[in-house]
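Note sheet for the following structure.
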Amino acid sequence: MTESRAAENNEAVDAHALAELSRLRGSIDNIDAAIVHMLAERFKCTQEVGRLKAEYRLPAADPGREREQIERLRELAENARLDPAFAEKFLNFIIAEVIRHHETIARA
């Protein structure tokens, strides 16, 4: 292969790689937006739960429910071929934030 032909191949591969990279990043951006919107909806629901708990003087945390949710999410993650440990860490982060919100609502 001549040097100019090799350069043409590299340019074509580079253009193809850049186009594919751009397409994939666009998909990632769309998924990130969907995740943010889904989290916002989830937190709207948990805010309502927090108001109910405050009204009836229930504790902000519910360890039994949290265990069930973690088990459920780990199974969902396995079925989706996502690392269950990652899914659990993600849910624990969300649960901690929800509990914080519930405690704030209860103090109000």
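The model shown is predicted, which means the values in this text are computed figures rather than measured ones. We use all heavy atoms of the structure for the numbers below, so side chains are in, but hydrogens, waters and symmetry mates are not.
Hydrophobic clustering (ILVMFWY, side-chain heavy atoms < 4.5 Å, transitive): L76 and I70 are in one cluster. A continuous path of hydrophobic side-chain contacts links L39 to V98 [ILVMFWY only; heavy atoms under 4.5 Å]. Hydrophobic clustering keeps I28 apart from L18 (ILVMFWY residues linked when any side-chain heavy atoms are closer than 4.5 Å, directly or through intermediates). Put simply, I94 and I35 are part of the same group of oily side chains (I, L, V, M, F, W, Y) that touch within less than 4.5 Å, one to the next.
Side-chain N or O atoms of T46 include one that pairs as donor or acceptor with a backbone N or O of F43 at under 3.5 Å. In terms of modelled atom types and a separation under 3.5 Å, the side chain of E66 and the main chain of D62 share a donor-acceptor contact. Side-chain N or O atoms of K53 include one that pairs as donor or acceptor with a backbone N or O of A60 at under 3.5 Å.
Summarising the geometry, atom CZ belonging to R65 is positioned 9.0 Å from atom CD1 belonging to I95; distances are rounded to the nearest 0.5 Å. Distance check: R25 CZ to S22 OG gives 8.0 Å after rounding to the nearest 0.5 Å. Atoms CG and CG, on L73 and N92 in that order, are 9.5 Å from each other to the nearest 0.5 Å. The CZ atom of R107 lies 10.5 Å from the CD1 atom of I105; values are rounded to the nearest 0.5 Å.
Each salt bridge (charged side-chain N to carboxylate O under 4.0 Å, His left out) pair with one or both residues in residues 72-99, not counting sequence neighbours, appears once here: R74-E88, E97-R100.
Across all non-hydrogen atoms, the minimal contact from P84 to A77 is CA-CB, 3.9 Å.
Side-chain contact between E20 and R23: present, with at least one pair of heavy atoms (C-beta onward) separated by less than 4.5 Å.
Summarising the local packing, CZ of R51 is surrounded by more than 12 heavy atoms from other residues, nucleotides or ligands at distances under 6.0 Å.
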